[in-house]
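The next block holds one structure in the form of structure tokens; read it before the comments.
Worth saying up front: this structure is predicted, and the values here are computed from it rather than measured.
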Amino acid sequence: MIFEEKTLKSEMIYKGRILNLRRDTVKVVSGETSYREIVEHDGGVTLAAITADNKMVMVRQYRKAAGKAVLEAPAGKREKGEAPLVTAVRELKEETGYTASDVVLLTKFYSSVGYSEEIIYIYLCTGLVPGETDFDDNEALDVMEYDLGELCEMALNGEIEDSKTIIAVLMAKAHLEKRGIQNV
């Protein structure tokens with residue numbers, strides 16, 4: 001049985017630059033009230049940027065929350081009201097220097113449906129043309145290319161720990177194979 005919780009009251013606990021945190025008082029299935037802490041986030045994009053020789057463009061950067069450098073697909077936060085496709089094109093250029101002649105939405109998903117409104121859009125970017133990066137002032141990352149098959153193995157073996165990257169790698173490989181592109 002599905003029960004839709006009704007919000008009785010919302011209270012903003014924290015307003016930040018990247019996210020907000022609110023506490024909702026809700027009526028639950030038992031008829032009692034309970035609390036839900038919800039992260040408000042404008043969402044983001046993740047890019048499966050594939051070169052002409054079927055390599056996927058990746059970035060490695062230090063992530064404070066993980067306490068280490070992490071291998072990731074290029075990604076970025078949506079600006080308030082910005083269309084996900086616009087974010088994808090902007091972030092691809094900023095983080096990798098590439099522009100793409102073909103940008104296709106593979107999927108979108110909630111980063112953590114239990115407590116966050118954040119939706120991440122994953123785009124397949126092909127027809128790449130190299131150019132200059134334009135990192136944000138607070139970004140320091142290495143751009144590299146990996147064989148897509150190798151990345152799949154790394155994802156399946158637990159060597160890639162970032163969820164959006166795992167999804168991007170596996171979906172890009174499946175999508176390209178479905179299109180009949182071999183050796184990916």
Side-chain angles (χ1 to χ4, degrees), residues 1-49 57-97 103 105-125 133-143 154-155 158-172:
M1 168 177 92
I2 303 294
F3 179 81
E4 182 177 334
E5 297 177 347
K6 300 293 182 197
T7 301
L8 304 173
K9 180 175 100 173
S10 280
E11 168 191 10
M12 188 59 65
I13 296 172
Y14 171 80
K15 274 186 131 0
R17 187 177 61 82
I18 295 175
L19 58 84
N20 300 326
L21 177 62
R22 76 171 193 265
R23 183 171 131 168
D24 289 352
T25 304
V26 298
K27 186 173 188 177
V28 295
V29 68
S30 68
E32 302 289 320
T33 58
S34 187
Y35 300 103
R36 301 288 182 248
E37 293 172 343
I38 307 292
V39 173
E40 297 177 347
H41 189 284
D42 291 325
V45 299
T46 301
L47 311 164
V57 181
M58 301 289 285
V59 297
R60 183 179 300 277
Q61 62 184 317
Y62 180 82
R63 293 298 200 171
K64 181 64 177 164
K68 61 183 176 181
V70 177
L71 182 64
E72 302 174 62
K77 181 183 172 300
R78 289 176 59 203
E79 300 299 330
K80 192 81 164 161
E82 183 177 48
L85 180 59
V86 172
T87 308
V89 170
R90 175 176 50 79
E91 287 293 337
L92 179 64
K93 176 70 175 150
E94 285 179 8
E95 290 200 356
T96 70
V103 182
L105 178 67
L106 291 177
T107 194
K108 64 180 184 174
F109 64 94
Y110 287 97
S111 63
S112 187
V113 73
Y115 62 84
S116 179
E117 296 178 339
E118 178 187 27
I119 296 176
I120 297 175
Y121 296 80
I122 297 182
Y123 287 91
L124 178 66
C125 304
T133 58
D134 185 20
F135 300 143
D136 290 340
D137 290 339
N138 61 352
E139 283 183 316
L141 46 91
D142 294 326
V143 180
M154 292 169 70
E159 296 173 62
I160 297 176
E161 300 174 289
D162 176 59
S163 62
K164 68 186 182 314
T165 299
I166 294 168
I167 295 167
V169 165
L170 297 177
M171 289 202 67

Next on the checklist: Rounded at 0.5 Å granularity, tell me how far OG1 in Thr107 sits from CG in Leu170.
Outcome noted: 12.5 Å

Checklist outcome for this item: Minimal heavy-atom distance between Ser111 and Ile120, with the atoms involved, is CB-CD1, 4.0 Å

Checklist entry - Tell me, which pairs form a salt bridge (charged side-chain N to carboxylate O under 4.0 Å, His left out) where one or both residues lie in residues 85-95, sequence neighbours left out? => result Glu82-Arg90, Arg90-Glu94

Checklist outcome for this item: Heavy-atom nearest pair, Tyr110 first then Ser116, reads CD2-O, 4.0 Å

Checklist entry - If every non-hydrogen atom of Val45 is compared with every non-hydrogen atom of Pro84, which pair is closest and at what distance? => result CG1-O, 3.4 Å

Next on the checklist: Can you tell whether the side chains of Glu5 and Arg36 come within less than 4.0 Å, N to carboxylate O?
Outcome noted: yes

Checklist entry - Would you say the side chain of Tyr121 lies within less than 4.5 Å of the side chain of Arg78, judging by non-hydrogen atoms? => result yes

Next on the checklist: Within the structure provided, determine whether Glu79 and Thr87 are in side-chain contact (heavy-atom separation under 4.5 Å).
Outcome noted: no

Checklist entry - How far apart are the C-alpha atoms of Glu118 and Val39, what are their side-chain angles, what is the distance that settles it, and do they pass the side-chain contact (heavy atoms from CB on, under 4.5 Å) test? => result CA-CA 8 Å; Glu118 178 187 27; Val39 173; over 6 Å; no

Checklist outcome for this item: Looking only at heavy atoms, the pair that brings Leu19 and Tyr14 closest together is O-CE2, 3.8 Å

Checklist entry - Would you call Ile38 and Glu117 a side-chain contact if the rule is heavy atoms closer than 4.5 Å? => result yes

Checklist entry - Roughly how far, to the nearest 0.5 Å, is the CD1 atom of Ile13 from the CG atom of Leu21? => result 4.5 Å

Next on the checklist: Between Ser34 (side chain only) and Val26 (backbone N and O only), is there a donor and an acceptor less than 3.5 Å apart?
Outcome noted: no

Checklist entry - Between Ile167 and Phe109, is a side-chain contact (heavy atoms from CB on, under 4.5 Å) present by the stated rule, with each step listed? => result CA-CA 10 Å; Ile167 295 167; Phe109 64 94; 3.7 Å; yes

Checklist entry - Got Lys77 and His41 here, is their nearest side-chain heavy-atom distance under 4.5 Å? => result yes

Item to check | Nearest-0.5 Å distance that lies between atom CG in Leu124 and atom CG in Leu105 | outcome: 10.0 Å

Item to check | Any side-chain heavy-atom pair of Asp142 and Gln61 under 4.5 Å | outcome: no

Checklist entry - Would you call Lys164 and Glu72 a salt bridge, using N to O less than 4.0 angstrom? => result yes

Next on the checklist: I'd like to know if the side chain of Thr96 reaches the main chain of Leu92, judged simply by a donor and an acceptor atom lying under 3.5 Å from each other, with no hydrogens or angles considered.
Outcome noted: yes

Checklist entry - Do Leu85 and Val103 have side chains that get closer than 4.5 Å, going by heavy atoms? => result yes

Checklist entry - Between Asp24 and Lys9, is there a salt bridge with N-O shorter than 4.0 Å? => result no

Item to check | Between CG on residue Leu106 and OG1 on residue Thr46, distance to nearest 0.5 Å | outcome: 10.5 Å

Checklist entry - Side chains of Arg63 and Asp162: does their closest heavy-atom pair fall under 4.5 Å? => result no

Next on the checklist: Looking at every heavy atom in both Ser10 and Arg22, which two are closest together, and how far apart are they?
Outcome noted: OG-NE, 4.0 Å

Checklist outcome for this item: For Ala168 and Ile122 the tightest heavy-atom approach is N-CD1, 3.7 Å

Next on the checklist: Side chains of Glu4 and Lys6, heavy atoms from C-beta outward: is any pair under 4.5 Å?
Outcome noted: yes

Next on the checklist: More than 12 heavy atoms of other residues, nucleotides or ligands under 6.0 Å from OH of Tyr62: yes or no?
Outcome noted: yes

